[in-house]
Amino acid sequence: VQLQASGGGLVQAGGSLRLSCAASGRTSSSYAVGWFRQAPGKEREFVAALSWSGVSTYYADSVKGRFTISRDNAKNTVYLQMNSLKLEDTAVYYCAAARALGRREDWYNAWGPGTQVTVSS
């Protein structure tokens, strides 16, 4: 499966953005999708993940209550709704696919190019 993230941009602190992750290729197979992010000078970190069914989700503590991950399998798209954005949310955001739900980066074997999210004061 190939992934393409979009929806990034510049937003003021406290604002909202919705990222999309569109899948193509072998989308007939079930897969979990995770969002990760990498801020300048920092390692890539886990943000959120969602099972194929959409029933199970994981969130990093830093985004819990502010971000919501969801998916529309008919459109082969996963969304990351980001509310109450903070300066520290500034990063390049990546979506990735895995056979099963997890938090570990090495669990995911299909990655798309990232989309930049910049939160300003």
Side-chain angles (χ1 to χ4, degrees):
V1 63
Q2 291 79 47
L3 303 173
Q4 179 68 53
S6 61
L10 175 64
V11 63
Q12 285 192 324
S16 299
L17 277 177
R18 189 178 78 159
L19 304 183
S20 298
C21 176
S24 59
R26 298 184 64 178
T27 57
S28 59
S29 300
S30 62
Y31 53 93
V33 173
W35 285 97
F36 295 79
R37 67 186 182 186
Q38 187 167 21
K42 295 187 177 182
E43 293 187 353
R44 190 156 55 186
E45 64 176 1
F46 170 78
V47 176
L50 179 67
S51 62
W52 168 256
S53 66
V55 172
S56 299
T57 56
Y58 291 156
Y59 292 97
D61 289 343
S62 58
V63 306
K64 201 172 293 184
R66 300 188 297 122
F67 290 12
T68 302
I69 188 170
S70 61
R71 70 192 298 163
D72 184 339
N73 287 338
K75 297 181 179 180
N76 295 320
T77 302
V78 173
Y79 305 98
L80 185 68
Q81 178 67 44
M82 306 186 296
N83 298 329
S84 302
L85 283 162
K86 303 177 180 180
L87 297 179
E88 53 264 39
D89 293 319
T90 295
V92 177
Y93 284 70
Y94 300 87
C95 60
R99 289 186 177 275
L101 186 63
R103 297 174 182 264
R104 290 178 47 167
E105 187 174 328
D106 60 3
W107 199 250
Y108 292 80
N109 54 15
W111 292 80
T115 185
Q116 176 71 46
V117 172
T118 302
V119 183
S120 64
S121 59

Donor-acceptor under 3.5 Å (T90 side chain, V119 main chain): yes
Joint hydrophobic cluster, F46 plus I69, side-chain heavy atoms closer than 4.5 Å: no
Residue pair Y31, W52: steps toward the ring-ring contact (aromatic ring centres under 6.0 Å, His included) verdict: CA-CA 5 Å; Y31 53 93; W52 168 256; 5.4 Å; yes
Ring geometry between W111 and F36 (parallel below 30°, tilted from 30 to 60°, perpendicular above 60°): tilted
Minimum heavy-atom distance S16-S84, with the two atoms named: OG-N, 4.3 Å
Where F67 and Y59 come nearest, the two heavy atoms and their spacing: O-CE2, 3.2 Å
Atom pair OG1/CG of T118 and L87 - distance to nearest 0.5 Å: 11.0 Å
Inter-residue atom distance S20.OG - Q81.CD, 0.5 Å rounding: 9.5 Å
Y79 side chain vs D72 backbone, donor-acceptor pair below 3.5 Å: no
Salt bridge flag under 4.0 Å for residues D61 and K64: yes
Shortest non-hydrogen contact from G8 toward L19: N-CD2, 3.6 Å
Exercise: identify the closest heavy-atom pair between C21 and W35: CB-CZ2, 3.6 Å
Test log, rule side chain to side chain contact (heavy atoms under 4.5 Å, CB included), inputs R37 and S62: CA-CA 12 Å; R37 67 186 182 186; S62 58; 3.5 Å; yes
Over all atoms of both residues, closest heavy-atom pair of L80 and A48: CD1-CB, 4.1 Å
Residue E88 excluded, over 12 heavy atoms near CD under 6.0 Å: yes
4.5 Å side-chain heavy-atom contact, M82 and V47: no
Main-chain N/O of A49 paired to R103 side chain as donor or acceptor, under 3.5 Å: no
Donor-acceptor under 3.5 Å (Y108 side chain, G102 main chain): yes
Single-linkage hydrophobic cluster, 4.5 Å side-chain cutoff, V78 and Y58 together: no
Under 3.5 Å donor-acceptor, S51 side chain and L101 backbone: no
Shortest non-hydrogen contact between A5 and C95, atoms and distance: CB-SG, 4.0 Å
Linked, directly or transitively: V117 and L10 (ILVMFWY side chains, under 4.5 Å): no
